[in-house]
Amino acid sequence: MLSRFLFAVSLAVCLLPRVAKAESATSELDRWRPSGAVFSLISVQDTTSSVVSNLRPSDDPGRPIEQTQALIWPSIGGSLDLMSPLLVEGFGAPRVFVHGDLLGAIVSDRKLANEGAPAEFDVPTSPVFPEQAVAGQGSETRFDIGTLAWGAGMGVAFRFDVFGYEVVVKPSAEWYRYKGTFRGVVARAIKPVPEQPLERLVRLELTDRRTWDAVGGGLELETLVLEKGEFTGHMFVTGRGYALVGDRSINRTVRDVTVPTDSADFAYKASSTFYNFGLGFRLRWRGL
């Protein structure tokens, strides 16, 4: 879906008329200019996850299963933006702007630390078998990015003429909120003696849903690509960096209700910073 969106944007750019001259915007510098945009983003965040359990079917049951990797997820979203009239005459014709964003994640579920293939148990029908023959054993942690995320920001837009065309540079302060679900599972079939009946099947599971807020800064580059009546169209690229606010970690212990000594310690930690990059198209009204 993301590739189709990017292809459509690229095709639209190729079919658009020649970029409008910067002089056409001069009369609009004293107006309030609202706009709406559609855009795609790629977000990147480093994570560390682990599970420690005494239920590993090996000679080293206490060894942690750990994984450090980057979560990468694409999103498609929309944004509303309001730009003020010209603040002062001079360098860059500065104008203040504010915006609010709503984004939807496209692919969000990521496998993190894992060993084996935990699933529904499949016990052999033969009365004699080793415990390793039971399918569905293993350890795993996963993280699922929430479907929706929100963002907002404010900054100053500077307009420049580049080879006779209008380019707007928009540094900003940003806020971002997203949700995620951390999941962990440890599954073990215990049958110490192959000739004896299956002693028990143990499954320890964790689901922990969290909401994170982040603050940071962004930079957007925007250029005028079309004019139609009371509206102008603008292509833009954007990059933003954030620092998470509050606790970035999840640490939980899960015990079996029937055998409390059977336990699993699940852990997840997000990096203190993350980034997203994207491109989009903005339709702006000439304003009031």
Side-chain angles (χ1 to χ4, degrees), residues 25 28-47 70-105 145-160 162 166-180 210-224 232 234-249 269-285 287-288:
E28 296 153 5
L29 293 177
D30 59 350
R31 300 181 182 181
W32 290 91
R33 301 201 65 193
S35 69
V38 292
F39 58 94
S40 63
L41 289 178
I42 296 293
S43 300
V44 182
Q45 184 173 33
D46 290 331
T47 65
L71 291 179
I72 302 175
W73 69 96
S75 304
I76 290 180
S79 177
L80 296 177
D81 177 291
L82 180 62
M83 185 176 291
S84 76
L86 178 68
L87 295 178
V88 294
E89 297 284 350
F91 175 78
R95 306 169 72 167
V96 172
F97 70 92
V98 295
H99 72 88
D101 305 332
L102 178 64
L103 302 102
I145 297 292
T147 303
L148 293 178
W150 299 263
M154 66 179 301
V156 180
F158 299 92
R159 173 183 169 275
F160 300 98
V162 180
E166 174 189 321
V167 176
V168 181
V169 181
K170 301 170 68 177
S172 60
E174 300 288 335
W175 164 81
Y176 187 86
R177 169 174 286 183
Y178 72 101
K179 297 182 179 181
R210 297 290 180 93
T211 299
W212 283 276
D213 288 290
V215 294
L219 181 65
E220 186 175 300
L221 301 178
E222 175 186 296
T223 184
L224 180 67
T232 57
H234 307 257
M235 296 298 299
F236 64 90
V237 294
T238 182
R240 298 169 184 172
Y242 300 92
L244 264 65
V245 178
D247 189 8
R248 300 178 283 114
S249 302
K269 187 172 185 179
S271 62
S272 59
T273 59
F274 75 97
Y275 307 89
N276 54 43
F277 310 90
L279 59 85
F281 176 79
R282 174 172 289 108
L283 186 65
R284 180 172 282 128
W285 182 37
L288 302 172

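Residues satisfying the side chain to side chain donor-acceptor pair (under 3.5 Å) criterion with Tyr176, sequence neighbours excluded, are absent altogether. Residues meeting the salt bridge (Lys or Arg N to Asp or Glu O under 4.0 Å) test with Asp101, sequence neighbours left out: Arg240. With sequence neighbours excluded, no residue forms a side chain to side chain donor-acceptor pair (under 3.5 Å) with Thr47. With sequence neighbours excluded, the residues that form a side chain to side chain contact (heavy atoms under 4.5 Å, CB included) with Pro34 are Leu82, Trp285. For Trp175, the side chain to side chain donor-acceptor pair (under 3.5 Å) partners are Asp213, not counting sequence neighbours.
For the ring pair (Phe, Tyr, Trp, His ring centres under 6.0 Å) with Trp212, the qualifying choice from Tyr178, Trp150, Tyr242 is Tyr178, the only one to do so.
Nearest approach of Leu148 to Gly104, heavy atoms of both residues: CD2-CA, 4.3 Å. Closest heavy-atom contact between Leu244 and Ala270: CD2-CB, 4.3 Å. The minimum heavy-atom distance between Phe97 and Ser172, with the atom names listed, is CZ-CB, 3.8 Å. Taking both residues in full, the closest heavy atoms of Ala105 and Gly146 are given as CB-O, 3.7 Å, listed atom of the first, atom of the second, then distance. Of all non-hydrogen atoms in Pro94 and Leu86, the two that sit nearest each other are O-CD1, 3.7 Å. Scanning both residues, Pro74 and Ile42, for their nearest heavy atoms gives CB-CD1, 3.6 Å.
A heavy-atom distance below 4.5 Å is found between the side chains of Glu174 and His99. Within the 4.5 Å cutoff, side-chain heavy atoms of Trp32 are placed close to those of Pro85. Here the side chains of His234 and Glu166 are in contact, with some heavy-atom distance below 4.5 Å. Residues Val38 and Ile76 form no side-chain contact, since every pair of their non-hydrogen atoms from C-beta on lies 4.5 Å or further apart. Looking only at side-chain heavy atoms (C-beta outward), Trp73 and Gln45 come within less than 4.5 Å of each other. Side-chain contact between Val168 and Phe158 is absent, with no heavy-atom pair separated by less than 4.5 Å.
Between the NZ atom in Lys170 and the OG1 atom in Thr238 there is a gap of 8.5 Å [rounded to 0.5 Å]. Considering CG of Leu103 and OG of Ser43, their distance stands at 7.5 Å, rounded to 0.5 Å. One finds the OG atom of Ser35 at 10.5 Å from the CZ atom of Phe281 (value rounded to the nearest 0.5 Å).
Among residues at least two apart or in separate chains, salt bridge (Lys or Arg N to Asp or Glu O under 4.0 Å) pairs with a member in residues 275-285 are Asp81-Arg284, Glu220-Arg282, Glu222-Arg282, Glu222-Arg284. For residues 84-94, no pair satisfies salt bridge (Lys or Arg N to Asp or Glu O under 4.0 Å), with sequence neighbours left out.
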Which atom pairs, one a donor and one an acceptor, fall under 3.5 Å between side chains of residues 271-280 and the rest of the protein, sequence neighbours left out?
{"unit_1": "Ser271", "atom_1": "OG", "unit_2": "Asp46", "atom_2": "N", "d": "3.4"}
{"unit_1": "Ser271", "atom_1": "OG", "unit_2": "Asp46", "atom_2": "O", "d": "3.2"}
{"unit_1": "Ser271", "atom_1": "OG", "unit_2": "Thr273", "atom_2": "O", "d": "2.6"}

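Without hydrogens or angle criteria, Ser79 side chain to Ala37 main chain gives no donor-acceptor distance under 3.5 Å. Proximity of a side-chain donor or acceptor of Arg95 to a complementary backbone N or O of Arg31 within less than 3.5 Å is detected.
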